[in-house]
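Values reported hereafter were calculated over all heavy atoms of this structure, with side chains retained and with hydrogens, waters and symmetry mates removed. Chain identifiers are assigned alphabetically (A, B, ...) following the order of the sequence lines, protein sequences preceding nucleic acid strands; residue numbering begins at 1 within each chain.
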2 protein chains.
Amino acid sequence: MAKSKKDNNTEQQILNAARQVFLEKGLSGARMQDIADKAEINKAMLHYYFKNKELLFETIFQETAGKLFPHFDKLMDSDLNFFDKIRSIVSSYIEMVSQNPYLPLFVISELNKNPEIGLKHFFEKQRPGFVKKFKESIEESINSGLILPINPIHLIINMFSMCAFPFMAKPMLKIITGIEEEQFNILMEQRKVLVAEFIINSIKK
Amino acid sequence: MAKSKKDNNTEQQILNAARQVFLEKGLSGARMQDIADKAEINKAMLHYYFKNKELLFETIFQETAGKLFPHFDKLMDSDLNFFDKIRSIVSSYIEMVSQNPYLPLFVISELNKNPEIGLKHFFEKQRPGFVKKFKESIEESINSGLILPINPIHLIINMFSMCAFPFMAKPMLKIITGIEEEQFNILMEQRKVLVAEFIINSIKK
DNA sequence: CCATAAATTAACCAAATGGTTAACAAAGCT
DNA sequence: AGCTTTGTTAACCATTTGGTTAATTTATGG
């Protein structure tokens, strides 16, 4: 069956275009016209499918923020040992960010300019999930003498810092270290194991 | 002596106001009117002292980016041992960011939206400085058997990740961990020593 | 003290930008 | 087919926004 004129296709084109533009330019930097152009539709269509810029943005933000901490819940429930959980999270997280390089900076940046949107949307629900489980897992590992004592929050922060930051700071890192695109990708690939071992090395007894 | 009407005061008021607004909202989010209001002057004065928005922004960006890697050059030249250099850099860097919480996110964010401004301005000069020295210092420490082998770039990335990221991600961290302002500040204070020890613990032989 | 330059303001302007309208085309339905 | 709903477009509108102008005030220096 040939695809009918709508097929709800337009809405997807808009969302794809909006995702690209918003992630790259942010809310204030994005232009509705740019989104329309990239979606190859009339600007009026944007307002036909999404009431206004804010609503369109929130749709994208919500979708995007939802990808920030993917399947970590399940991962924490798995029967992997503590170190393997770290290895698994680090590796899959860096892979995810490699695939969506703008994602962390976008969410963090918009959240800074307007902290309310975080509360309003998805975070509330996801919060307790994996962070709580991770904390418990860390505490258990400390109590069982597997790792040195450390405030779980610091450990979590350290992990996500080393996973996400390099991608956010990529243009800066390229300048101050003098590396190029290809070399950067190699480094990020290495970090999938390096970061986990760096952490484990630091906390193991 | 009473302060005369100008005193080149106005220019400073503008710069202070522009700094606040740009750091908080970014280039595209900043409004010239907001800057004028905050500086308590007429909007036309902005264009009297600074040709246009771009020029004013670049002035602020240059000044701000210049603070990103402060006196690390001297620090690397000091006769501190390698571990103490790490302790010193981490501590002073976190202190600097505590004092200028918007700084890293601002520079990184604007650099992402417009990578050219980095090259144009200050980075070129500062680049070789401390990064090169730091790399040499790391290599030397590896060769002398003080620390385990690691690609110096990774070590540098890890260090700045753990120093800067928490401040950039503050609103997100507050949401997913449930901590409040006060607790956040305590954690960041702790990180001045914690991060350094975390690193040292991981690489020491 | 006056003439000149520097600083400041209010009013204005043009372009950019988010958003709307009204007419038209396509699909769906009976 | 004919009527209604949905999708799409071009033209238009109102506001925001960066920027300018011309007139006014304030300093400065001979």
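Ranking D:dG19, C:dT20, C:dT17 by closeness to the B:K43 side chain, first place goes to D:dG19. The side chain of A:H47 sits closest to C:dG18 out of D:dG7, D:dG18, C:dG18. Nearest nucleotide to the side chain of B:T10, out of C:dT8, C:dG18, C:dT9: C:dT8. The side chain of B:A44 lies closest to D:dT21 when the candidates are D:dT21, D:dT17, C:dG18. Closest to the side chain of B:I41, from the set D:dG19, C:dT9, D:dT8, is C:dT9.
If you check every strand for non-hydrogen atoms under 4.0 Å, B:M45 touches a base. Residue A:A36 is classed as having no contact, given no heavy-atom separation below 4.0 Å to the nucleic acid.
If you measure from atom CD1 of A:I14 to atom C1' of D:dG7, you get 11 Å, rounded to the nearest angstrom. Distance CD (A:E40) to C1' (D:dT8): 15 Å, rounded to an integer number of Å. Rounded to whole angstrom, the span from the OH atom of B:Y49 across to the P atom of C:dT9 amounts to 10 Å. Summarising the geometry, the separation between CG on A:N42 and P on C:dT21 is reported as 15 Å, rounded to the nearest angstrom. The CZ atom of A:F57 sits 16 Å away from the C1' atom of C:dG18 (whole-angstrom rounding). Here D:dC13 presents its P atom at 20 Å from CE of A:M32, a figure rounded to the nearest Å. Atom CD of B:Q13 and atom C1' of C:dT9 are 15 Å apart (whole Å). When the P atom of C:dT17 is taken as reference, atom CD1 of A:I35 falls 12 Å away, rounded to whole Å.
For the pair B:E24 and B:R19, the salt-bridge criterion is not met [side-chain N within less than 4.0 Å of a carboxylate O]. Salt bridge status for B:D77 with B:K74: absent, with no side-chain N to carboxylate O gap under 4.0 Å.
The backbone N or O of A:L75 lies less than 3.5 Å from a partner atom in the side chain of A:S78, making a donor-acceptor pair.
With hydrogens and angles left out, the side chain of B:K53 and the base of D:dG19 share no donor-acceptor pair within 3.5 Å.
The side chain of A:Y48 contributes no N or O atom lying less than 4.0 Å from OP1 or OP2 of D:dT9. OP1 or OP2 of C:dG18 sits under 4.0 Å from a side-chain N or O of A:R31.
Other residues, nucleotides and ligands place more than 12 heavy atoms under 6.0 Å from the NZ atom of B:K192.
B:N185 and B:E189 form no side-chain donor-acceptor contact under 3.5 Å, judged by distance and modelled atom types alone.
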